[in-house]
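One structure is given below, encoded as C-alpha cells.
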2 protein chains.
Amino acid sequence: MPRQLPSLNALRAFEAAARRLSFTRAADELFVTQAAVSHQIKHLEEQLGMQLFRRMNRQLQLTDAGQILMPFMSDALDMMASGIERLNHEQREGRLTVSTLESIAASWLVPRLRNFRAQHPEIELSLEIADHPVDFDRDKADMAIRYGPGGWPGVSATKIADEEIFPVLSPSLLEKGPPLKHPRDLLKFPLIHEDMVDRWEDWFEAVGETAIEVPRGSSFPHSNLVMQAVMAGEGVALGRSFLIGPEIASGRLVRPFAASVTAAFSFYVVAPSWAQETPKVQAFTNWIVEETRVAARTGDS
Amino acid sequence: MPRQLPSLNALRAFEAAARRLSFTRAADELFVTQAAVSHQIKHLEEQLGMQLFRRMNRQLQLTDAGQILMPFMSDALDMMASGIERLNHEQREGRLTVSTLESIAASWLVPRLRNFRAQHPEIELSLEIADHPVDFDRDKADMAIRYGPGGWPGVSATKIADEEIFPVLSPSLLEKGPPLKHPRDLLKFPLIHEDMVDRWEDWFEAVGETAIEVPRGSSFPHSNLVMQAVMAGEGVALGRSFLIGPEIASGRLVRPFAASVTAAFSFYVVAPSWAQETPKVQAFTNWIVEETRVAARTGDS
DNA sequence: AATTATACATTACTTTTTCTAATCTTAATA
DNA sequence: TATTAAGATTAGAAAAAGTAATGTATAATT
C-alpha cells in the first residue's frame, strides 16, 4: 500500500490555481512565474490523464475532475501547514529540557529558577541531572550547562563564568580553630578534598608556597558534598566561586584569603548548534548570561 | 495566509522514514537510495531548525518534534492519496458525456444504448446533442461521434463507418408509383433533398447517367426529417447507410437499386487525445466499434 | 472595427533540487 | 577481532522546476 502520488509540487500548484481560479494569482502566491504554474499543471494533467481546468480566455474553470480533486488537496495542504505550525509553536513554548551536573543544579540553578519561570511563563523548564556530558544526538535534552574547556564540536557554547578556586571554611571553625594569619596556617586545619580533583598545590603555589606537602584528609565525590562538610565545620576545602556565591554572601562560608587560582575549565551554556537560534534556547541562554552577570556584580556569584 | 511549507518532497521522505523508522526502508518504499532520504531529512531538519530523528547506530527514533509532525504528515499524504484514488475511480466509473448530432443520436445511438448499459453498468452514459463539432477544451463532453473527413488535430479519432449513399423510398410508394426498372425512372418520383447537401448528381453519375438535370423538390434540414418524409411516402431521397440500417432491415424503407456512392465523409468516435487511454473512453470506443462491426455483418447498419 | 489588455501556452534555456555511487563512521553482533 | 547494519558524507549526474520572452485567443474598450 505504498501511496502512489503525482508530483507533490504540481499538486500544490494545482491547489493554489484552483483556489484562486487563476494561474497568474496562484503564481504570485507561490512566488514563481505564471509560466511555472502553467507547466506544473500541464504536467499534472498529463500524469493524471485528465483535464483539471477548462481554460476559457478570460476565465478559468475547474472541470469535474478538478472539482473532485480540489478539496482533498486543500485539506491535505492545510493539514501539513498546521503540523509545521505546531512545530514552530513548539520551538517557542512548552518544555525545555536542560541537562546539568548535580552540583550546578543544586547550588546555582535551582535557586534561580523561580526567576526564569517568572520571565518566561510560556516555557516549562525541566532539568535532567546527568553525570557526564550530554550527547544531543542521543539524549532528549535540548540544552546543557557544561563545565569544561569549551570548544566542543557541533555545539554552540556560551561561557557563563570562569571559575575561581580558593579556601573556605565555616565561620565557627574559623573562630574556634587556630589563628589564620598566613596560608601555611591552613595546614593546622583538616583539609577536605574532592575526589579526582585536587588543586591545593596549585593554590599554595599561587600564594608563593611552593614546597608544601599537602596532607590528605577526608574526601567526597562531589563539590557540593565537600561544601556540606565544610559548612558542618569539618575542615577547610577549596571552594569554587561559581557554586558557592550564596554561601559566601550569607556568611555560611568564609573566605580567609583573597588569593585564588583560576581554573582551566569554565562553565558554559551549550546547545546543539542547529538549535542555537530557536526561541526557547535563546531565552534560556540570554537569561542565564544575564543572571550570571548580575550575580557577579552583586558579589553573589 | 499563504501557507508556508518546507519542501513537500522532504516532508514525504520524513513521513515514510517516520513510519518505517528506517531511512533504508523508507528509501525502498519511495524507490530512491538511502542517501536520498538521508539528504532530504537532513535538509528538512535544517529548514525547520530542529531535529526530527534521534540516530542511534542501529535504531532510529522520533524526537518529540518528529512525533508531533508525523501524524499531520501521514494524514495529509493519505488525504492526497485518496483524492487521486477518487480521480482514478472517476476515470473508470460514473458519468460519460458523449456529444453527437441529433440524427446520429436518434437513429443509431439511442436504440443501442440499452446494450451499452448492460455491458457497462458502472458507466452512466449521458448524451449531449450538439449541432456543431465539440471543442473538448470548452465543452463538458468527454467524447463525441463526429461526421467528417477525419484527421482532426488534438483528438484521437476512430472511424466507425464509411457512409454509402443510395436512393430509398417507402414500400407503398414503390408499389403504387410508376415502375422502377432503370435509374432514370426515379425522375418520375418526387425527389426529396437535404438542405446544404445534395448528392443526386453524384449518384446518377455512379450509375452512368451523366447528363441528367435533377429537378429540385421539397427539402428538409436534417437527414432524419428527410427520412421521415420518405417513410410517409412523399417521394424518393438519398439515404445514408449508417443511419437507416434498421429501416431497411425492417422494410420500412426500400432500396430499389444496389448502386451507391461512398461519401467523402465518414463517422468517427473521437476523444481528446489525452483522454484516449482512460477506461471509460476506451469502453465506449470499443463498444461502438464492435457494435458497428456486428451491424455491418447482419446487414443492420 | 480597430485597438488594447488580459490571461494562459509555448519555447528554449537556466537554475535548483534531487538523486546516485562510492565511501566513511559507529556500534552492535558473531 | 571481524563482520555487519544502519546512517552520513562527498562529489558529481540527472531530473525537476523555474525563467524570460514571446505567442495566441478573445473580451473589453475606444
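The sequence lines fix the lettering, A, B, ..., with proteins before strands; numbering per chain opens at 1. Because the structure is predicted, anything quoted here is derived from the model rather than measured.
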N/O-N/O pairs, protein side and nucleotides 3-7 of chain D side, under 3.5 Å:
unit_1 : atom_1 : unit_2  : atom_2 : d
D/dA5  : O4'    : B/Arg58 : NH2    : 2.8
D/dG7  : OP1    : B/Phe23 : N      : 3.0
D/dG7  : OP2    : B/Phe23 : N      : 3.2
D/dG7  : OP2    : B/Thr24 : N      : 2.9
D/dG7  : OP2    : B/Thr24 : OG1    : 2.6

Report, one pair per line, the protein and nucleotides 12-16 of chain D atoms (nitrogen or oxygen only) whose separation is under 3.5 Å.
none

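Atom-to-atom, CD of B/Gln47 to C1' of C/dT18 comes out at 13 Å; the value is rounded to the nearest Å. Distance A/Gln61 CD to C/dA7 P: 15 Å, rounded to the nearest Å.
A salt bridge links B/Arg86 with B/Glu90: at least one charged nitrogen is closer than 4.0 Å to a carboxylate oxygen. Under 4.0 Å is where a charged nitrogen must lie from a carboxylate oxygen, and between B/Glu29 and B/Arg25 no such pair does.
If you check the side chains of A/Thr97 and A/Glu128, you find no donor sitting under 3.5 Å from an acceptor.
Separation of the B/Tyr147 and B/Tyr268 ring centroids does not fall under the 6.0 Å cut-off.
For A/Lys42, no side-chain nitrogen or oxygen approaches OP1 or OP2 of C/dC8 to under 4.0 Å.
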Side chain to side chain donor-acceptor pair (under 3.5 Å) evaluation trace for A/Thr24 with A/Gln34: CA-CA 5 Å; A/Thr24 308; A/Gln34 171 268 323; 5.7 Å; no

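Residues A/Ala10 and A/Ala35 each lie close to DNA chain D; by heavy-atom proximity, the contact nearer the 5' end of the strand is made by A/Ala10.
Heavy atoms from other residues, nucleotides or ligands lying under 6.0 Å from CD of B/Glu93 number more than 12.
Contact check for B/His89 versus A/Ile68: no side-chain heavy atoms found under the 4.5 Å cut-off.
Expressed to the nearest 0.5 Å, how far NE2 of A/His193 lies from CZ of A/Phe220 amounts to 11.0 Å.
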